[in-house]
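None of the values given here were measured: they were computed from a predicted structure.
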Amino acid sequence: MKIKNQNQKPKQIEKKIEKKNENINKNQNQKKIENQNQKKIENQNQIEKKIEKKNENINKNQNQKKIENINKNQNQKKIENQNQNINKNQNQNQKQIEKKIEKKNQNINKNQNQKKIENQNQNINKNQNQIQNQKQNEKKIENKNEKENENENEKEKQKQEKRENTRRKVVQEIYESEKVYVASIHTLIETFLQPLRKLPKLITVDQIKMLFSQIEVIYSYNNLLLTQVEERWKNWDSNQKIGDVFLQIAAFLKTYTEYVRNYNSSINTLILLQKKKDFNRFLKKQESKDGKINTISAFLILPVQRIPRYVLLVKELIKNTSKEHPDYQNLIQAQDKIEEVASYLNEKKREAENINQVLEIQKRVHGLEVILSPSRKFIEEKKMQLVVKNHLVDVVMFIFNDLILIAKQKGSKFELVDSLVLNGEFHFQAKDKTLAVINDVDPKLIIKLTHESNQKPYFFKAKDNEEVGHIVSVLDSLIETFFDQFLSLTPYITQDATKFGTIRLKKVDHSEILKQTFIDNLESSKELRILKLTPKQIYLFDHENINRPSMIYELTECRVRIDVESNGFELKTPTKVHLFSTGSLIDSIKWVNKIRECWMKLFSTFDKSRQKNSSKKYKLKRGTKCADFSYGNTSIFKNNSFIKS
């Protein structure tokens with residue numbers, strides 16, 4: 001039992017402990033719960049407080065918003081009221097402004113209308129003034145027109161008077177010149193023709209006819225013409241005619257044509273007669289009659305010069321004659337008829353005047369033989385300085401197309417120094433430093449002239465470089481003309497010489513005479529070429545290929561001339577024309593001279609061959625002088641020339 005009691009005691013203790021623990025736990029739990037509740041209550045309180053605060057804040061915000069809204073509404077109302085007031089004020093102001101503007105516009109319109117009215121009034125006044133001014137201007141213009149018409153009429157009258165005065169002067173010139181002309185022809189007949197008829201020993205009847213031709217017929221007709229012109233001139237007025245007189249001249253032109261055709265024969269006859277001393281004495285005696293020197297050649301040329309003079313006078317008359325004038329048609333017809341023959345007579349007149357110039361020079365130069373020739377033409381007279389023993393002597397060069405005369409002036413006449421023939425044996429040199437033949441003189445101003453027939457060279461000093469260029473150009477063109485004329489007159493020589501040069505010679509001479517590099521100015525390009533001259537041919541090499549010639553020309557087919565402007569020379573071939581720029585006139589002259597020299601040597605070689613093997617086609621006459629290419633003791637073939645049979 002005890003044991004059971006003992007066992008029951010711990011259980012009771014445990015139960016008590018458990019109860020205690022349970023109570024403790026209950027208490028603890030209650031405390032916890034209480035604490036939790038308190039905490040919850042506190043939290044709730046806090047939350048409530050927060051909520052209250054929030055609510056308060058919300059209420060505050062709401063109140064503020066309400067207040068703001070109220071304020072806004074109030075402000076809006078105020079603003080609206082203000083805007084309404086403003087609008088009212090604006091409307092009122094606008095109305096006031098509009099009223100003001102209306103008033104202003106009314107005032108402006110009134111002013112504008114007033115201005116318009118004023119402007120209109122002003123315009124009306126202006127128009128009235130303009131109308132008045134126009135009327136005044138019209139009156140002025142009318143007055144001006146009247147004055148201008150009067151002036152024009154006066155000018156026309158003056159022009160007519162001038163034309164009439166000019167016409168009168170022309171007719172006066174016709175009369176006076178005709179009077180002098182007829183008197184001169186009369187002098188020719190009285191002083192020369194009639195006395196010569198009485199001297200049959202000096203001149204034959206045929207020579208008289210050849211010398212004077214139709215001169216007596218011309219005199220008798222022009223004398224009759226003079227009487228008609230004199231009558232018209234003495235009774236001259238504005239309606240007087242003279243055209244019909246010129247129509248008569250036109251009908252008489254055949255006689256003048258015959259005289260002009262015979263003129264060259266007349267001069268040749270005179271030259272032949274002048275070789276007689278007795279005839280020259282007769283001429284000197286007759287020409288110096290009355291203390292005046294009147295040469296027969298000066299008289300003989302007068303009819304040749306007269307017809308061209310008539311043409312000029314008729315043209316001047318037509319220019320100063322109105323188309324309504326009764327003389328106008330006659331003058332036009334006379335002009336047409338005279339001009340039909342005038343072109344021929346003009347050419348003959350130029351020839352005759354050239355002949356007369358040559359004769360005058362022949363008389364002026366003492367010691368000169370007969371130089372007149374049908375083909376010889378006078379080119380120019382040039383004053384130069386000749387170098388003589390380191391001194392300069394003033395001389396005159398008379399340059400003809402085939403001859404140069406060098407003469408010293410002595411008073412009114414000249415003394416012959418020398419003459420040089422312009423043919424293939426003539427050479428010139430210029431612009432060369434080697435021509436320093438006189439001290440203190442630039443050698444570039446020295447021109448050297450030589451001829452193979454005369455070993456003596458002549459050195460002339462020019463004024464300046466321009467004169468050097470001019471003389472070189474003139475002489476070169478004359479030499480070129482000589483070659484062209486020679487070959488045109490004897491084309492068979494060129495053909496045979498070419499064959500002779502290319503075929504007949506057994507030995508072909510390729511020896512080099514000259515070789516130089518030039519710029520070749522062809523028509524479309526400029527090329528650098530090497531030019532090589534041999535005795536028979538000219539070779540052209542391209543600068544890139546100097547071993548093989550690009551062109552070979554036969555010398556007999558080539559012509560050369562100096563181009564002074566470009567300081568070069570021109571080479572004419574059958575296919576092309578080359579213009580070589582040498583850069584200096586010295587080289588150009590050197591090449592041209594050498595080519596011409598080779599050309600002449602080739603033809604002289606051909607000449608000698610012809611002499612040995614003359615055929616029936618050609619006859620060689622030794623000592624014959626070719627009028628065109630041989631003068632004195634010098635000719636192309638050393639006094640030999642070919643004449644085609």
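Note: Ile203 CD1 to Ile208 CD1 = 5.0 Å, rounded to the nearest 0.5 Å. Distance check: Gln385 CD to Ile446 CD1 gives 9.0 Å after rounding to the nearest 0.5 Å. Separation of atoms CG (Leu202) and CZ (Arg281) is listed at 9.5 Å; rounding is to 0.5 Å. To the nearest 0.5 Å, the span separating CG on Asn465 from NE2 on His470 amounts to 14.5 Å. Remark: Ser588 OG to Ile562 CD1 distance equals 6.5 Å, nearest 0.5 Å. Separation of atoms CG (Leu571) and NZ (Lys576) is listed at 11.5 Å; rounding is to 0.5 Å.
Panel note: side chain Asn262, backbone Glu258; no donor-acceptor pair is recorded below 3.5 Å. Side-chain atoms of Ser473 do not come within 3.5 Å of backbone N or O of Gly469 as any donor-acceptor pair. Using a distance-only test at 3.5 Å, with no hydrogens or angles considered, a donor-acceptor pair links the side chain of Ser477 to the main chain of Val474. Checking side-chain atoms of Glu381 against main-chain N and O of Ile399 turns up no donor-acceptor pair under 3.5 Å. Side chain of Asp563 to main chain of Ser566: a donor-acceptor pair is present (N/O by atom type, distance under 3.5 Å, no hydrogens or angles). In this structure, the side chain of Ser550 engages the main chain of Leu540 through a donor-acceptor pair within 3.5 Å. Side chain of Asp418 to main chain of Ile406: no donor-acceptor pair is present (N/O by atom type, distance under 3.5 Å, no hydrogens or angles).
The shortest heavy-atom contact between Pro457 and Thr450 is CB-CG2, 3.4 Å. Residues Val358 and Phe400 share a closest heavy-atom pair of CG2-CE2, 3.9 Å. Across every non-hydrogen atom of Phe279 and Leu273, the tightest pair is CB-O, 3.3 Å. Taking every heavy atom of both residues into account, Pro303 and Tyr181 meet most closely at CA-OH, 3.4 Å. Leu555 and Pro535 make their closest contact through CD2-O, 3.6 Å (heavy atoms, listed as atom of the first residue, atom of the second, distance). Heavy-atom minimum distance, Val468 versus Ile447: CA-CD1, 4.1 Å.
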CA sep, side-chain torsions, deciding dist, call: His578, Tyr553, ring pair (Phe, Tyr, Trp, His ring centres under 6.0 Å): CA-CA 12 Å; His578 301 269; Tyr553 297 118; 5.7 Å; yes

message: One pair to check against side chain to side chain contact (heavy atoms under 4.5 Å, CB included): Phe459 and Leu386. What are the steps and the verdict?
response: CA-CA 6 Å; Phe459 298 91; Leu386 180 66; 5.7 Å; no

- request: Run the numbers on Ile296 and Leu188 for side chain to side chain contact (heavy atoms under 4.5 Å, CB included), then give the verdict.
  value: CA-CA 7 Å; Ile296 189 171; Leu188 175 64; 4.0 Å; yes

query: Under the side chain to side chain contact (heavy atoms under 4.5 Å, CB included) criterion, do Leu422 and Ile404 qualify, and how do the steps go?
result: CA-CA 7 Å; Leu422 293 176; Ile404 294 176; 3.8 Å; yes

task: Apply side chain to side chain donor-acceptor pair (under 3.5 Å) to the pair Arg559 and Thr573, showing each step before the final yes or no.
output: CA-CA 7 Å; Arg559 304 290 171 273; Thr573 71; over 6 Å; no

- prompt: What do the steps show when you test Trp591 against Phe580 for ring pair (Phe, Tyr, Trp, His ring centres under 6.0 Å), and what is the final call?
  reply: CA-CA 10 Å; Trp591 272 86; Phe580 294 104; 7.9 Å; no

field: Candidate pair Gln516 and Leu531, rule side chain to side chain contact (heavy atoms under 4.5 Å, CB included), full reasoning
entry: CA-CA 5 Å; Gln516 203 166 344; Leu531 192 64; 5.7 Å; no

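With salt bridges taken as basic N to acidic carboxylate O contacts below 4.0 Å, one links Glu570 and Arg561. Under the 4.0 Å criterion applied to side-chain N and carboxylate O atoms, Glu467 and Lys382 are assigned as salt-bridge partners. Taking a cutoff of 4.0 Å between a charged side-chain nitrogen and a carboxylate oxygen, Arg596 and Asp476 qualify as a salt bridge. Salt-bridge check for Arg529 with Asp542: passed, with a basic side-chain N closer than 4.0 Å to an acidic carboxylate O. For the pair Glu480 and Lys572, the salt-bridge criterion is met [side-chain N within less than 4.0 Å of a carboxylate O]. Between Asp587 and Lys590, at least one side-chain nitrogen of the basic residue sits less than 4.0 Å from a carboxylate oxygen of the acidic one, meeting the salt-bridge criterion.
With a 4.5 Å cut-off on side-chain heavy atoms, Leu302 and Phe299 count as touching. Two residues are said to be in side-chain contact when any heavy atoms from C-beta on lie closer than 4.5 Å; Met551 and Phe541 fail this criterion. For the pair Lys515/Ile530, a side-chain contact is recorded, criterion being any heavy-atom separation below 4.5 Å from C-beta on. Here the side chains of Leu403 and Ser419 are in contact, with some heavy-atom distance below 4.5 Å. Residues Leu270 and Gln274 meet the side-chain proximity criterion, which asks for heavy atoms closer than 4.5 Å. Residues Met397 and Leu449 form a side-chain contact, since some pair of their non-hydrogen atoms from C-beta on lies under 4.5 Å apart. Phe282 is listed as a side-chain neighbour of Leu196, based on a closest heavy-atom distance under 4.5 Å. Proximity of Val387 to Phe460: side-chain heavy atoms (C-beta onward) are nowhere separated by under 4.5 Å.
More than 12 non-hydrogen atoms from other residues, nucleotides or ligands lie less than 6.0 angstrom from CG of Leu392.
When His366, Lys410, Lys408 are each tested for a side chain to side chain donor-acceptor pair (under 3.5 Å) with Glu415, only one passes: Lys410.
Donor-acceptor pairing under 3.5 Å is lacking for the side chains of Ser213 and Arg261.
A distance below 6.0 Å separates the ring centres of Phe414 and Phe398.
In this structure, Lys532 satisfies the cation-pi test against Tyr539, with its NZ or CZ atom closer than 6.0 Å to the six-membered ring centre and inside 45 degrees of the ring normal.
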